[in-house]
2 protein chains.
Amino acid sequence: MDLGRRLRSRGYRLTPQREAILGVLRENAGRPLSPEDIHAMAGKKQPGMGIATIYRTMDLFCELGIAFPVHLRGGYRFYEINLGKHHHHMECIACGKLELLEACVIDDIAELVRDGSDFLITSHCMSLFGYCRQCLEGGKEKEAAES
Amino acid sequence: MDLGRRLRSRGYRLTPQREAILGVLRENAGRPLSPEDIHAMAGKKQPGMGIATIYRTMDLFCELGIAFPVHLRGGYRFYEINLGKHHHHMECIACGKLELLEACVIDDIAELVRDGSDFLITSHCMSLFGYCRQCLEGGKEKEAAES
DNA sequence: TCCTTATTGAATTAAATTATCATTTAGCAT
DNA sequence: ATGCTAAATGATAATTTAATTCAATAAGGA
């Protein structure tokens with residue numbers, strides 16, 4: 001993936017900030033990052049970056065298909081680099097731990113929707129929530145049920 | 001579903017505000033509502049309701065399984081009444097129109113995850129994004145590609 | 001009817017995201 | 001190389017959204 005070509009072909013410019021952000025996304029492939037996460041890590045490569053640049057760049061990267069948003073609980077935004085192969089996340093509602101799900105069922109779903117509606121699907125999001133092994137063993141799910 | 005019993009059995013109280021909110025959710029089954037939506041509609045049944053009550057009540061309803069959160073684009077929160085049968089949404093990224101997807105593939109997924117990990121799944125979210133028929137015909141997806 | 005305490009509304013606070021704007025700079029043309 | 005133009009940035013302010021605080025209210029068991 002040549003970031004410069006990809007940007008310039010659509011009239012955008014290659015900047016050190018955008019390179020730094022892409023680097024951060026690459027180094028954290030598969031791990032959802034918040035804008036603040038990205039800001040902190042990219043800031044080490046390019047000191048002085050403003051947080052607004054992160055938001056702007058992530059919007060752009062998502063539009064270009066370079067990254068995609070991940071929807072977890074809490075309503076906040078997370079992003080990941082788009083490496084083509086879909087995956088999803090399983091989030092522990094007790095400790096917050098994330099596990100990667102390589103399995104993607106979007107193809108099955110897309111087929112169902114193609115038959116049943118008139119939508120052209122371009123993207124999707126899916127996350128599972130529950131309890132991880134450690135929290136189950138520690139009884140965290142019972143604590144939560146009691147509260 | 002007896003709201004009063006459900007609340008009291010866990011030490012909570014039945015209030016006119018909670019009844020009003022449940023009524024709004026019932027009347028909009030299958031349609032994701034924002035806290036602001038709920039506030040506006042419930043306010044007609046129970047004048048003077050504060051927005052904080054909506055947030056508090058929706059947290060409670062979700063905890064009790066009376067409602068569940070819907071994750072759409074934008075990172076904002078939406079809620080729906082939980083009528084047992086899972087469904088999902090297809091959101092048009094051009095006009096925002098929502099379509100209900102009766103099909104739920106959570107069972108397939110849950111099985112995959114049960115085999116491949118140690119998580120106990122308690123809930124999930126899934127949404128599809130793309131273009132609805134009208135926007136496709138109107139060329140909205142091309143406009144978006146150009147911008 | 002009384003009492004305890006959950007609940008509420010109003011106001012405040014905090015946090016996340018977006019908008020504004022002057023300045024900088026990427027990248028094409030010269 | 002140099003200059004030019006528009007894109008991009010950083011700083012800041014403004015918006016939104018959500019959470020918190022607290023005194024007043026009211027649900028519901030005794």
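Sequence lines set the chain letters: A, B, ... in the order given, protein chains first and strands last, and positions in each chain run from 1. The figures that follow rest on heavy atoms only: side chains count, while hydrogens, waters and symmetry mates do not.
- Nucleotide dT15(D) holds its C1' atom 10 Å from the OH atom of Y76(B), rounded to whole Å.
- Closest to the side chain of P16(A), from the set dT7(C), dG10(D), dA26(C), is dA26(C).
- R56(B) contributes a side-chain N or O that forms a donor-acceptor pair with the base of dG9(C) under 3.5 Å.
- Taking the side chain of T15(B) as heavy atoms from C-beta on, and the options dG10(D), dT18(C), dA27(D), the nearest nucleotide is dA27(D).
- Nearest to the side-chain atoms of R13(A) among the listed nucleotides dT8(C), dA19(D), dT25(C) stands dT25(C).
- dT17(D) atom C1' lies 16 Å from atom CE of M58(B), rounded to whole Å.
- Taking the six-membered ring for Trp, H71(B) and H89(B) have ring centres at least 6.0 Å apart.
- Y12(B) has its OH atom 16 Å from the C1' atom of dT8(C), to the nearest Å.
- Under the 4.0 Å criterion applied to side-chain N and carboxylate O atoms, R10(B) and E63(B) are assigned as salt-bridge partners.
- For R8(B) and dA27(D), the shortest distance from a side-chain N or O to OP1 or OP2 is not below 4.0 Å.
- Picking from dT18(C), dT9(D), dG9(C) the nucleotide with the shortest atom distance to the side chain of M49(B) gives dG9(C).
- Rounded to an integer number of Å, the gap from CD of E36(A) to C1' of dA14(C) is 14 Å.
- We find that CZ of R18(A) is positioned 13 Å from C1' of dG27(C), with the value rounded to whole Å.
- Rounded to a whole Å, the CD1 atom of I51(B) is 10 Å from the C1' atom of dA18(D).
- Between T53(A) and G11(A), the residue anchored closer to the 5' end of DNA chain D is G11(A), taking for each the nucleotide with the nearest heavy atom.
- Within the structure, a side-chain polar atom (N or O) of Q17(A) is placed less than 4.0 Å from OP1 or OP2 of dG10(D).
- In this model, a donor atom of one side chain and an acceptor atom of the other lie less than 3.5 Å apart for E80(B) and H87(B).
- A salt bridge links E27(A) with K45(A); the closest basic N to acidic carboxylate O contact falls under 4.0 Å.
- Protein atom CG of L14(B) is 11 Å distant from nucleotide atom P of dG29(D), rounded to whole Å.
- Taking the ring centroids of H88(B) and H124(B), they lie under the 6.0 Å cut-off.
- Considering only side-chain atoms of Y55(B), the nucleotide from dT20(D), dG28(D), dT17(D) that sits closest is dT17(D).
- A straight line from CG of L7(B) to C1' of dT5(C) spans 16 Å, rounded to a whole angstrom.
- A sub-4.0 Å separation between OP1 or OP2 of dT8(C) and a side-chain N or O of Q46(B) is absent.
- For T57(A), whose side chain is taken as the heavy atoms from C-beta onward, the closest listed nucleotide among dC28(C), dT9(D), dG9(C) is dT9(D).
- In the set dT7(C), dA18(D), dA11(C), dA18(D) carries the atom at the smallest distance from any side-chain atom of R77(B).
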